[in-house]
Amino acid sequence: MRITVLGIALDLVTMSEAVAVLENFIAERQPRMVATANAEMVMLAQNDEVLAKILNQADLIVPDGAGVVWAARHQGQPVRERVAGYDLAQTMLSRSAEHGYRVFFFGGAPGIAERAEIVAGEWYPGISIVGTHSGFFTASEEPEIVAAIRNSKPDILLVALGVPKQEKWLAAHMTELQVPVAIGVGGSFDVMAGVAQRAPLWMQRAGLEWLFRLLRQPSRLVRMLALPHFVIRVLTAKKH
Ligand code: UDP
């Protein structure tokens with residue numbers, strides 16, 4: 001079921017439902033884009049029509065952040081399970097090793113996607129990573145990157161360029177890429193490569209992942225000022 005939070009789509013799927021949807025996309029072989037909604041992204045989309053349109057046209061948009069989970073509950077449309085983008089990506093990598101799905105890692109600082117590839121090989125023996133590319137590139141390199149992805153025929157493309165760059169890049173290139181499951185995964189390769197950490201489970205469960213990120217990276221403060229605004233907007237929004 002699809003609802004909206006402050007005008008942005010949100011699919012009320014559990015992890016196992018999301019995985020089933022993505023495996024169905026792989027079987028259908030049409031280019032499809034998957035997004036992971038959190039409060040920061042929803043707030044960014046309030047002032048960015050292009051991003052809002054992309055998110056609303058996503059083939060699947062999962063409840064990634066505690067903020068959107070809370071907002072859905074407040075609207076009387078509760079999310080049954082939070083589906084963190086990192087966990088969804090890991091589950092799909094595990095499935096890829098089992099079912100032979102081909103995966104491409106695009107994004108992160110130079111060398112990070114390659115380190116994530118090595119780690120994926122250790123965590124998911126037998127996985128087929130068909131290509132990697134760093135997320136720092138010039139406009140003139142884009143056709144090469146698109147061709148490298150398309151020619152390696154991945155079933156799953158993980159794009160880690162940060163929000164909203166990854167969503168915009170994917171939306172602009174979906175047709176050329178011809179990948180059945182393309183997902184924006186933010187800092188996931190940094191976590192896999194060991195250069196960033198995820199919040200401990202108790203913080204994730206308490207909805208405090210944002211606090212962990214803020215403590216690790218105080219430079220996120222300005223971005224995170226969007227979070228109290230998100231709460232106020234949801235509390236004052238007209239009931240659906
Ligand atoms: N990144 C990139 N190219 C860019 C900007 C960022 O590959 O032009 C990468 C960056 O190295 C990091 C990720 O994008 O790995 C963004 O991570 P972050 O945790 O900030 O993601 P977000 O919170 O935006 O989802």
Side-chain angles (χ1 to χ4, degrees), residues 18-19 21-36 41 50-51 53-55 57-62 64 85-124 126-193 195:
V19 169
V21 170
L22 300 195
E23 294 200 305
N24 191 39
F25 288 171
I26 293 174
E28 291 181 349
R29 311 223 63 79
Q30 300 297 316
R32 292 236 175 67
M33 180 171 163
V34 180
T36 67
M41 194 189 245
V50 174
L51 178 63
K53 192 167 170 213
I54 292 170
L55 295 177
Q57 288 177 349
D59 296 287
L60 183 71
I61 175 159
V62 301
D64 163 68
Y86 181 83
D87 295 330
L88 179 60
Q90 297 307 314
T91 307
M92 290 311 292
L93 291 178
S94 165
R95 294 280 171 147
S96 298
E98 283 168 35
H99 298 286
Y101 303 146
R102 300 161 65 83
V103 188
F104 197 108
F105 286 175
F106 172 38
I112 292 292
E114 288 80 357
R115 277 165 71 179
E117 175 187 9
I118 294 168
V119 170
E122 289 164 6
W123 290 356
Y124 312 107
I127 192 167
S128 167
I129 307 290
V130 294
T132 60
H133 199 288
S134 125
F136 291 84
F137 53 89
T138 61
S140 64
E141 289 167 322
E142 283 194 47
E144 236 174 78
I145 298 174
V146 171
I149 296 172
R150 192 186 50 232
N151 296 339
S152 65
K153 297 191 178 10
D155 298 297
I156 300 172
L157 168 63
L158 301 185
V159 183
L161 304 176
V163 178
K165 192 171 177 183
Q166 59 200 20
E167 286 73 22
K168 290 184 175 175
W169 194 88
L170 269 177
H173 298 289
M174 277 308 284
T175 321
E176 303 157 84
L177 292 169
Q178 289 294 318
V179 178
V181 173
I183 321 180
V185 294
S188 292
F189 300 154
D190 294 330
V191 175
M192 292 181 75
V195 298

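Environment of CD in E142: crowded, with over 12 heavy atoms of neighbouring residues, nucleotides or ligands closer than 6.0 Å.
Rounded to the nearest 0.5 angstrom, M33 CE and L170 CG are separated by 5.0 Å. Taking CZ of F104 as the reference point, atom OG1 of T132 lies at 6.5 Å (rounded to 0.5 Å). Considering CG of L60 and CG of L88, their distance stands at 7.5 Å, rounded to 0.5 Å. Here the OG1 atom belonging to T175 is positioned 7.5 Å from the CD atom belonging to Q178, to the nearest 0.5 angstrom. Here CZ of F137 is found 4.0 Å from CZ of F106. Values are rounded to the nearest 0.5 Å. Distance check: D190 CG to Y86 OH gives 10.5 Å after rounding to the nearest 0.5 Å.
The nearest pair of heavy atoms linking A160 to V185 is CB-CG2, 3.9 Å. Between V103 and P154 the shortest heavy-atom distance is C-CB, 4.4 Å. Of all heavy-atom pairs between A35 and L55, the closest is CB-CD2, 3.9 Å. Smallest separation of non-hydrogen atoms from R102 and K153: NE-O, 3.0 Å. In terms of heavy-atom proximity, L93 sits nearest to M192 at CD1-CE, 3.8 Å. Closest approach of A113 to G107, counting heavy atoms only: CB-O, 3.7 Å.
Applying the salt bridge (Lys or Arg N to Asp or Glu O under 4.0 Å) rule to pairs touching residues 23-32 yields E23-R95, E28-R32, R29-D155, R32-D59, sequence neighbours excluded.
Inter-residue side-chain proximity for Y124 and I129 is flagged as unmet; no heavy-atom pair is nearer than 4.5 Å. Looking only at side-chain heavy atoms (C-beta outward), V21 and V34 stay at 4.5 Å or farther from each other. With contacts defined as side-chain heavy-atom distances shorter than 4.5 Å, the pair I156/S96 qualifies. Residues M92 and V181 fail the side-chain proximity criterion, which asks for heavy atoms closer than 4.5 Å. Counting only heavy atoms from C-beta outward, the side chains of R115 and V195 approach each other to under 4.5 Å.
One N or O on the side chain of T91 and one on the backbone of D87 form a donor-acceptor pair closer than 3.5 Å.
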Quiz item: Hey, mind stepping through V119 and F189 against side chain to side chain contact (heavy atoms under 4.5 Å, CB included) and telling me if it holds?
Solution: CA-CA 10 Å; V119 170; F189 300 154; over 6 Å; no
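Scanning for side-chain hydrogen bond (donor to acceptor under 3.5 Å, both in side chains) contacts around R150 gives an empty result, with sequence neighbours left out. In this structure, K165 has no salt bridge (charged side-chain N to carboxylate O under 4.0 Å, His left out) partners at least two apart in sequence or on a different chain.
Using cut-offs of 30° and 60° on the angle between ring planes, the pair H99 and Y101 is parallel.
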